[in-house]
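Comments concern the structure below.
One-based numbering along the sequence shown.
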Amino acid sequence: MKLVFERSVPGRGQDIFSPCDVPVSLPSVPLRAEEPKLPEISENELVRHYTKLAKRAHGVNDGFYPLGSCTMKHNPKINERVAALPGFTNVHPLQPAETVTGCTEVLDTLEDYLCEITGMDAITFQPAAGAQGEFTGLLLIKSYHHDRGDDQRNEIIIPDSAHGTNPASATMAGYKTIVTKSNEDGMIDLEDLKSKLSDKTAGLMLTNPNTVGIFDTNIFEITRLVHEAGGLCYYDGANLKAVIGLVRPGDIGFDVIHLNLHKTFSTPHGGGGPGSGPVGCKDFLKEFMPGLRVREVEGKPVYTRAPKSYGNMTGFYGNFLVNVRALAYIAFNGREGIPMLAKNAVLNANYMMEKLKDIYPMAYNRTCMHEFVMGLGKFEKENHVSALDIAKALLDFGIHPPTMYFPLIVDEALMIEPTETECKEVLDEAIEAFRKIYETMLAAPSQVVQSPVSTPVRRLDEVKAAREPVLRYTFE
């Protein structure tokens, strides 16, 4: 497929804009030496170009998208309708507080709902993504210890199965990361955790269910040990969907939580944003929260800041319209529907795992939560077919590959999250695809290794693409 610059023809254009009907007046500032090299192309050809590009992309509207721990959820169209209402789109963050009371009511209502769902006492919507939410939560923990004079607490404990953003966020917050091991059941090794706790422990970052799809049944003991050591417990909300409406992190010992609205509350994900990663905390941390809030003072709405706030994470309220979408989703599902999301997510994952575990080795052969992990080291050794090969082969079935080689504690890992919105027929089609790939691997492993064969682009040289990327067009 040609680039848009390669389709450009000198002098060709399109009449989208009316001719300028006012005098052209350029300020006396330095101008570029030559005109920008923009493609010259007709409207018809431009539309065709972007239509072809769109057809080459695979999204949640195209087919099954079982990307573990970061799944592309269904984005209900009603959310988009609500977020597009003029009262939400035609506002400015610098307007006086009394002129945007509808918008602030949205945030207050969503805060109430998220506090009820998570067991927290306050929420900030400043973080523009889950990873920034992690950083926000860690700064809350750091502010708390600093305020108490506990600056020697410079260590954050993180499980060896954690998302890579956890140690990255801890490092950005100025902490040293201490890794605690998983046991043979995929849960935290309590004895190893005990050995890592000290008067330097600022906190523990934990995803529960964890990244191998298992709910850590020792969670009360884990949070108790951390608290007794003087640390705080941070809940990575990446996998909250598996327990939403059934288990509240605040009730099992967590002090801080970030939420990924795209993973749990159906807001769009991908393409570089916009995103939203709200952070919740217990009452004793509210005074350190970032950003401005609208509060009623003497009967009037005014902007206020927490007394010991550490500043701002982003401007104003973060990505407001993403939060509007999340509120629409929660309101649509209601108190009865929210727990069903978790139950369907767990049911779908266990259904797929049970249908595949007779031929695909499972990293942990036990009831999973919302996702399960295959450990395909045996295939790589005996059949010379890797997890990457199987993931590539799924492309020929119109299925987006699952997460590969994560978590790192599983050899040749494939992580699969079916999501709660997929019907049984789609799951059965995916199961059949996995089984056909397995049969092909036994009969002709080279065919799997050469996959995909039906996509617009065959298998790429990923090493060269990573080391020698071509990121710009070179004009002759």
Side-chain angles (χ1 to χ4, degrees), residues 65-72 130-131 133-134 156-171 177-190 192-193 196 204-219 222 233-243 249 258 260 262-264 269 345-346 348-350 352-353 356-357 360-381 386-391 394 400-419 434 462:
Y65 211 118
L67 194 65
S69 274
C70 296
T71 303
M72 297 289 284
E134 291 180 21
I156 293 290
I157 298 176
I158 300 173
D160 56 6
S161 62
H163 295 102
T165 52
N166 287 181
S169 297
T171 300
T177 59
I178 305 297
V179 178
T180 186
K181 298 177 182 178
S182 301
N183 60 24
E184 64 276 5
D185 296 319
M187 303 186 298
I188 283 182
D189 185 313
L190 289 179
D192 187 67
L193 173 62
K196 303 294 172 62
L204 166 78
M205 296 185 78
L206 184 64
T207 307
N208 196 30
N210 59 24
T211 56
V212 296
I214 294 173
F215 189 91
D216 201 314
T217 54
N218 296 319
I219 190 60
I222 291 169
C233 295
Y234 178 98
Y235 186 93
D236 181 330
N239 297 340
L240 181 67
K241 178 56 69 72
V243 296
H258 91 263
N260 299 81
H262 62 272
K263 296 180 183 180
T264 312
H269 177 207
V346 173
N348 282 357
N350 279 280
M352 277 198 73
M353 185 179 71
L356 292 173
K357 70 179 186 180
Y360 283 90
M362 299 296 158
Y364 301 94
N365 192 11
R366 52 179 292 185
T367 301
C368 66
M369 297 298 288
H370 64 303
E371 64 191 7
F372 60 96
V373 179
M374 299 175 177
L376 306 183
K378 176 182 176 182
F379 290 175
E380 202 276 333
K381 293 181 179 67
S386 67
L388 174 65
D389 297 328
I390 291 176
L394 288 170
H400 191 283
T403 298
M404 301 174 291
Y405 302 117
F406 180 79
L408 300 178
I409 60 174
V410 177
D411 183 31
E412 290 290 321
L414 276 188
M415 177 192 290
I416 299 165
E417 183 180 353
T419 85
F434 271 101
E462 297 185 16

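Contact annotation: the side chain of Thr177 approaches that of Thr171 to within less than 4.5 Å [non-hydrogen atoms, C-beta and beyond]. Using a 4.5 Å cut-off on side-chain heavy atoms (C-beta onward), Ile390 and Leu376 make contact. In this structure the side chain of Val179 never reaches within 4.5 angstrom of the side chain of Ile158, judged on heavy atoms. Proximity of Lys196 to Asp192: side-chain heavy atoms (C-beta onward) are separated by under 4.5 Å at one or more points. Contact of the Leu408 side chain with the Asp160 side chain is not registered, since no non-hydrogen atoms from C-beta on lie closer than 4.5 Å. Proximity of Leu204 to Ile222: side-chain heavy atoms (C-beta onward) are separated by under 4.5 Å at one or more points. Side-chain contact check for Glu412 versus Phe379: every heavy-atom pair is 4.5 Å or farther apart. Side-chain contact between Thr419 and His370 is absent, with no heavy atoms from C-beta onward closer than 4.5 Å.
For Ala391 against Pro402, the heavy-atom pair with the smallest separation is CB-CD, 4.5 Å. Taking every heavy atom of both residues into account, Met369 and Asn350 meet most closely at O-ND2, 3.8 Å. Considering every non-hydrogen atom in both Gly237 and Asn260, the closest pair reads C-OD1, 3.8 Å. Across all non-hydrogen atoms, the minimal contact from Ala345 to Lys241 is CB-CG, 4.3 Å. Minimum interatomic distance between His400 and Leu67 (heavy atoms only, all atoms of both residues): CE1-CD1, 4.3 Å. Summarising the geometry of Asn239 relative to Pro209, their closest heavy-atom pair is ND2-O, 2.9 Å, with the distance given to 0.1 Å.
The OG atom of Ser169 lies 11.5 Å from the NE2 atom of His163; values are rounded to the nearest 0.5 Å. In this structure, the separation between SG on Cys368 and CG on Asn348 is 10.0 Å, given to the nearest 0.5 Å.
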Go through the steps for Thr403 and Leu414 under the test side chain to side chain contact (heavy atoms under 4.5 Å, CB included), then give the verdict.
CA-CA 6 Å; Thr403 298; Leu414 276 188; over 6 Å; no

Walk me through whether Ser386 and Glu380 qualify under side-chain hydrogen bond (donor to acceptor under 3.5 Å, both in side chains).
CA-CA 5 Å; Ser386 67; Glu380 202 276 333; over 6 Å; no

Take Tyr405 and Leu388 through the side chain to side chain contact (heavy atoms under 4.5 Å, CB included) test and state the conclusion after the steps.
CA-CA 8 Å; Tyr405 302 117; Leu388 174 65; 3.5 Å; yes

Run the side chain to side chain contact (heavy atoms under 4.5 Å, CB included) check on Glu371 and Ile416 step by step: do they pass?
CA-CA 6 Å; Glu371 64 191 7; Ile416 299 165; over 6 Å; no

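With hydrogens and angles left out, the side-chain atoms of Asp236 and Asn166 include a donor and acceptor closer than 3.5 Å. Donor-acceptor pairing under 3.5 Å is lacking for the side chains of Ser161 and Asn210.
Partners of Asp185 under the side chain to side chain contact (heavy atoms under 4.5 Å, CB included) rule, at least two apart in sequence or in another chain, are Asn183, Met187, Arg366.
When atom types are taken as modelled, the side chain of Tyr65 and the backbone of Pro418 share no donor-acceptor pair closer than 3.5 angstrom. Within the 3.5 Å criterion, the main-chain N or O of Ser182 finds no donor-acceptor partner in the side chain of Asp189.
Taking the centre of each ring, Tyr364 and Phe372 stay at or above the 6.0 Å mark.
Remark: Lys381 engages Asp411 in a salt bridge, criterion side-chain N to carboxylate O under 4.0 Å.
Ring pair Tyr360/Phe434 is perpendicular by interplanar angle, where above 60° counts as perpendicular and below 30° as parallel.
Each of Leu206, Thr207, Leu240 was scored for a side chain to side chain contact (heavy atoms under 4.5 Å, CB included) with Tyr235, with one residue passing: Leu240.
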